There are 2 protein chains.
Amino acid sequence: MADTHAGIAGKLRARQAGEVETLDLENCPVRTVIGQIGGKWSPLVLQLLSERPYRFGELRRLVPDISQRMITQTLRDLERDGYVDRTVYPTKPPSVDYRLTDLGRSMFVSYSVLLEWAHANADAVKASRRRFDSEAA
Amino acid sequence: MADTHAGIAGKLRARQAGEVETLDLENCPVRTVIGQIGGKWSPLVLQLLSERPYRFGELRRLVPDISQRMITQTLRDLERDGYVDRTVYPTKPPSVDYRLTDLGRSMFVSYSVLLEWAHANADAVKASRRRFDSEAA
DNA sequence: CCGTATCCTGGTCGATACTG
DNA sequence: CAGTATCGACCAGGATACGG
């Protein structure tokens with residue numbers, strides 16, 4: 001079982017007892033998930049899509065300073081991981097919209113707990129950061 | 001107010017109503033927090049420290065394949081943000097231990113919700129990924 | 001035992017230009 | 001409108017060597 005984050009301390013004890021058990025960092029569930037949704041634009045896009053479906057152009061306009069390349073890539077990666085569903089309407093000109101899948105909504109419920117913590121405590125973190133940097137001299 | 005992730009849809013409505021309101025991506029609370037704890041080694045280290053304090057060498061041995069440079073840097077950054085407390089015992093040879101602060105424990109409570117989701121659903125994500133990649137042809 | 005300093009590489013992201 | 005293609009800058013992260 002390749003579960004790096006489950007019971008690491010248990011593995012330490014096992015190792016001290018003489019067993020040889022190795023953590024599998026290649027196949028780590030946490031990295032699989034966090035690696036994508038922790039990206040630069042993913043939280044922003046996910047938050048928007050958690051409210052309602054959006055069209056490509058809407059997302060692009062709503063997220064300032066995002067390049068066309070990055071909005072495309074972010075949406076493709078979220079679709080690839082099964083968080084987002086992409087629907088093409090073959091109108092002229094074409095129209096595409098994006099919405100969360102059930103998996104995406106399920107994930108975002110858990111993610112939003114952390115996101116809310118971030119909102120509530122970002123000032124404390126920034127304060128700690130300033131203090132640390134000034135003490136560095 | 002520089003709160004990128006709070007009420008973006010509200011800002012859309014405001015913009016559609018003719019107001020000019022810009023998102024501040026430089027000073028974004030989510031990036032401040034996620035940028036650090038979403039790093040490659042931070043989740044692993046935080047998970048370990050959530051169990052009990054650890055000494056530097058223990059952490060190094062517990063996290064396979066981490067370089068001395070990265071364990072040091074990860075711990076310093078977590079300390080800088082106020083999540084981790086570093087205690088030096090001036091013994092000979094010196095000994096240093098690391099433990100979560102109250103802020104760190106508070107953060108990890110929220111983080112662990114997402115971490116647990118990742119454990120439970122990583123297979124679904126990987127399956128979706130494989131499906132997407134094979135369809136790409 | 002617990003680090004710091006230096007160099008280097010691979011991947012991420014942005015800018016720009018072009019297409020169905 | 002909704003993308004793809006290409007190039008280059010930048011930086012997180014790894015290897016290695018040395019210091020308190």
Side-chain angles (χ1 to χ4, degrees), chain A residues 25-26 28 30-32 34-45 48-49 53-81 84-99 132-133 135-137, chain B residues 23 25-26 28 30-45 48-49 53-81 84-99 132 136-137:
Chain A
L25 291 170
E26 306 309 310
C28 171
V30 167
R31 287 196 185 165
T32 300
I34 310 286
Q36 178 52 44
I37 67 176
K40 184 168 181 182
W41 302 105
S42 296
L44 231 28
V45 170
L48 283 165
L49 293 178
Y54 278 102
R55 293 186 45 188
F56 182 90
E58 289 179 311
L59 291 172
R60 176 149 170 51
R61 279 188 303 277
L62 271 171
V63 183
D65 304 335
I66 196 173
S67 64
Q68 198 159 35
R69 181 180 178 276
M70 287 315 294
I71 183 71
T72 302
Q73 189 174 109
T74 301
L75 287 166
R76 279 293 174 290
D77 289 345
L78 293 175
E79 187 195 357
R80 184 171 106 105
D81 284 10
V84 162
D85 198 27
R86 177 173 179 269
T87 312
V88 183
Y89 301 98
T91 54
K92 221 168 92 167
S95 156
V96 181
D97 82 0
Y98 295 88
R99 70 191 65 221
F132 188 92
D133 292 346
E135 283 170 5
Chain B
L23 294 173
L25 291 169
E26 305 309 310
C28 172
V30 168
R31 287 197 185 164
T32 300
V33 173
I34 311 286
Q36 178 52 43
I37 67 176
K40 184 168 182 180
W41 303 106
S42 295
L44 231 30
V45 170
L48 282 165
L49 293 178
Y54 278 101
R55 294 187 45 189
F56 182 90
E58 289 180 310
L59 291 172
R60 176 148 171 52
R61 279 189 303 277
L62 272 172
V63 183
D65 304 335
I66 196 173
S67 65
Q68 198 158 34
R69 182 180 177 276
M70 286 317 293
I71 183 71
T72 302
Q73 189 175 108
T74 301
L75 288 167
R76 278 297 174 288
D77 289 345
L78 293 174
E79 187 195 357
R80 185 172 105 103
D81 285 9
V84 162
D85 197 29
R86 177 173 179 269
T87 312
V88 182
Y89 302 97
T91 54
K92 222 166 92 167
S95 155
V96 182
D97 82 1
Y98 295 88
R99 68 191 66 221
F132 188 93

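In what follows, every chain begins at residue 1, and chains take the letters A, B, ... in the order their sequences are listed. Computed from a predicted model, the values in this text were never measured in an experiment.
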Problem set entry | Side-chain donor/acceptor of A:Ser95 to backbone N/O of A:Tyr89, under 3.5 Å | no
Would you mind reading off the distance between [X] atom [atom1] and [N] atom [atom2], rounded to a whole angstrom?
X       : N      : atom1 : atom2 : answer
B:Leu75 : C:dT4  : CG    : C1'   : 15 Å
B:Asp77 : D:dA12 : CG    : P     : 9 Å
A:Ile71 : D:dA2  : CD1   : C1'   : 11 Å
B:Leu59 : C:dG3  : CG    : P     : 10 Å
A:Ile34 : C:dT12 : CD1   : C1'   : 18 Å
B:Glu58 : C:dG3  : CD    : P     : 13 Å
B:Gln73 : C:dG3  : CD    : C1'   : 13 Å
B:Phe56 : C:dT4  : CZ    : C1'   : 11 Å

Please work out if [X] contacts a base, only the sugar-phosphate, or nothing of the nucleic acid, heavy-atom cut-off 4.0 Å.
X       : answer
A:Gln68 : base
A:Tyr89 : nothing
B:Arg55 : sugar-phosphate

Is any side-chain nitrogen or oxygen of [X] closer than 4.0 Å to OP1 or OP2 of [N]?
X       : N      : result
B:Lys92 : D:dG20 : no
B:Arg76 : C:dT4  : yes
B:Arg86 : C:dG3  : yes
A:Tyr54 : D:dA2  : no
B:Tyr98 : C:dG3  : yes

Problem set entry | side chain to side chain contact (heavy atoms under 4.5 Å, CB included) evaluation trace for B:Tyr54 with B:Arg60 | CA-CA 10 Å; B:Tyr54 278 101; B:Arg60 176 148 171 52; over 6 Å; no
Closest approach to the side chain of [X], judged atom by atom: which nucleotide of [options] is it?
X       : options               : result
B:Pro93 : D:dG3, D:dC1, C:dC1   : C:dC1
A:Met70 : C:dT4, C:dG14, D:dG3  : C:dG14
A:Ser67 : D:dC1, D:dG13, C:dG14 : C:dG14
B:Thr72 : C:dT4, C:dC2, D:dG14  : C:dT4

Exercise. In terms of the nearest nucleotide of DNA chain D, which residue is placed more toward the 5' end: A:Arg69 or A:Val96?
Worked result: A:Val96
Problem set entry | CD1 on B:Ile71 to CZ on B:Arg76, rounded to 0.5 Å | 10.5 Å
Seminar exercise, completed: Taken to the nearest 0.5 Å, the spacing of A:Ile66 CD1 from A:Thr74 OG1 works out to 5.0 Å
For this session: Could you tell me whether the side chain of B:Leu75 reaches within less than 4.5 Å of the side chain of B:Arg86, counting heavy atoms only?
Result: no
For this session: Decide whether a cation-pi geometry holds between A:Arg31 and B:Trp41; the criteria are a distance under 6.0 Å from NZ or CZ to the six-membered ring centre and an angle within 45° of the ring axis.
Result: yes
